[in-house]
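Report on one structure; see the data block that follows.
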Amino acid sequence: MAETPKIRVPKTAKKGDVIEIKTLLPHTMESGQRKDRDGKTIPRKIINKFAVQFNGKPVFSATIEPAVAANPYLQFFAKVDESGTFKFSWTDDDGSVTTAEEKITVA
Amino acid sequence: MRHLSRRAALALGAGSAAITVLGWGKGAYATPQAAAGDVAKFTGGAKPESGKISIELPEIAENGNTVPLSFSVDAPMTDADYVSDVLVVAEGNPNPGVATFHFTPLSGKAEASTRIRLATTQNIVVVAKTSGGKYFTASKLVKVTIGGCGG
């Protein structure tokens, strides 16, 4: 079920740097607006929440509506003062959660 | 049908066509009012000031299925003064909501990019809330060649 997310985080950074993070999760993001051949509405199934934590502290999150395109792509920034781990999570309408981790070394 | 003159028939046709268009427009798409309602809910009724936000969107989107959107809010992003939430609404989609972004001082910058769906040519409105409880807004018009909400 769960697809593998693509994440880009720099491997290293200097203390206090603001780094750029890019994420993409393959997902159809069925909007609930489309109809199938019999005219029945295809039920909505989207990623409705995305969240990022760094060493357990919230960095960035987004509440997502069907107006976000398929394969939700998010680019944002994070200020790093110490080495640690970014934890990413994508919450599906069906309740399943896709998670991923990326480590960064801060000198 | 014999009782119906040509003129009357035409008038009837035009009338029902107009009703269809109006009714469909109302049912299928959000209006600037609905989008403003979402903004009012977000700000708790406060009127956002314009400025501080820059939005990057194509002037003309050939494919409404995936339109790149970036915004950046001018803010120091310190513990004392940062942008906590950013709301994005579309005035001409089936539902006005697009996404709400939540930032913390650890975000470093109140900037993000994503890709959105646009059903038709419309205004995109971005509203930012600061940790001090101030609201700022900006909007941008995007012309959409092919709508992106399926049919």
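Note on naming: letters A, B, ... go to the chains in the order of the sequence lines (proteins, then strands), and numbering restarts at 1 for each one.
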* Asked: Does atom CZ of A:Arg44 have more than 12 heavy-atom neighbours, drawn from other residues, nucleotides or ligands, at distances under 6.0 Å?
  -> yes
* By salt bridge (Lys or Arg N to Asp or Glu O under 4.0 Å), which residues pair with A:Asp92, not counting sequence neighbours? -> A:Lys45
* Going only through I, L, V, M, F, W and Y residues with side-chain contacts under 4.5 Å, is there a path from A:Ile47 to A:Ile21? -> yes
* **Enclosure of A:Lys49 NZ (heavy-atom neighbours >12, cutoff 6.0 Å)** => yes
* Rounded to the nearest 0.5 Å, how far does OG1 of B:Thr66 lie from CE of A:Met29? -> 11.0 Å
* Please name all residues satisfying side-chain contact (heavy atoms from CB on, under 4.5 Å) with B:Thr121, sequence neighbours left out, ordered by chain then number. => B:Leu141, B:Lys143, B:Val144
* Grab the two heavy atoms, one from B:Leu106 and one from A:Lys57, that are nearest each other, plus how far apart they are. => CD1-CB, 3.6 Å
* What distance do A:Phe60 atom CZ and B:Phe101 atom CZ have between them, rounded to the nearest 0.5 Å? -> 5.5 Å
* **Full working for side-chain contact (heavy atoms from CB on, under 4.5 Å) between B:Met77 and A:Val18** => CA-CA 11 Å; B:Met77 297 306 274; A:Val18 174; over 6 Å; no
* Chi angles and distances behind the side-chain contact (heavy atoms from CB on, under 4.5 Å) call for B:Lys109, A:Glu20 -> CA-CA 10 Å; B:Lys109 287 186 194 180; A:Glu20 185 188 42; over 6 Å; no
* Contact leader toward chain A among B:Ala110, B:Ser70, B:Gly97, B:Pro96, where contacts are heavy-atom pairs under 4.5 Å -> B:Gly97
* Structure fact -> Rounding to 0.5 Å, atoms OG1 (B:Thr104) and CZ (A:Phe54) come to a distance of 11.5 Å
* Say you draw a straight line from CG of A:Leu24 to OG1 of B:Thr114; how long is it, rounded to the nearest 0.5 Å? -> 9.0 Å
* Structure fact -> In terms of heavy-atom pairs under 4.5 Å with chain A, the winner among B:Ser107, B:Ala112, B:Gly108 is B:Ser107
* Asked: Mind checking which of residues 65-76 of chain A sit less than 4.5 Å from chain B, heavy atom to heavy atom?
  -> A:Glu65, A:Pro66, A:Ala67, A:Val68, A:Ala69, A:Ala70, A:Tyr73, A:Leu74, A:Gln75, A:Phe76
* Is B:Val125 linked to B:Phe42 within one hydrophobic cluster, defined over Ile, Leu, Val, Met, Phe, Trp and Tyr using a side-chain heavy-atom separation of less than 4.5 Å? -> yes
* Is any residue of residues 77-87 of chain A within less than 4.5 Å of chain B by heavy atoms, and which ones? -> A:Phe77, A:Ala78, A:Lys79
* Structure fact -> Cut-off 4.5 Å, heavy atoms of chain B, and the answer for A:Ile42 is neither
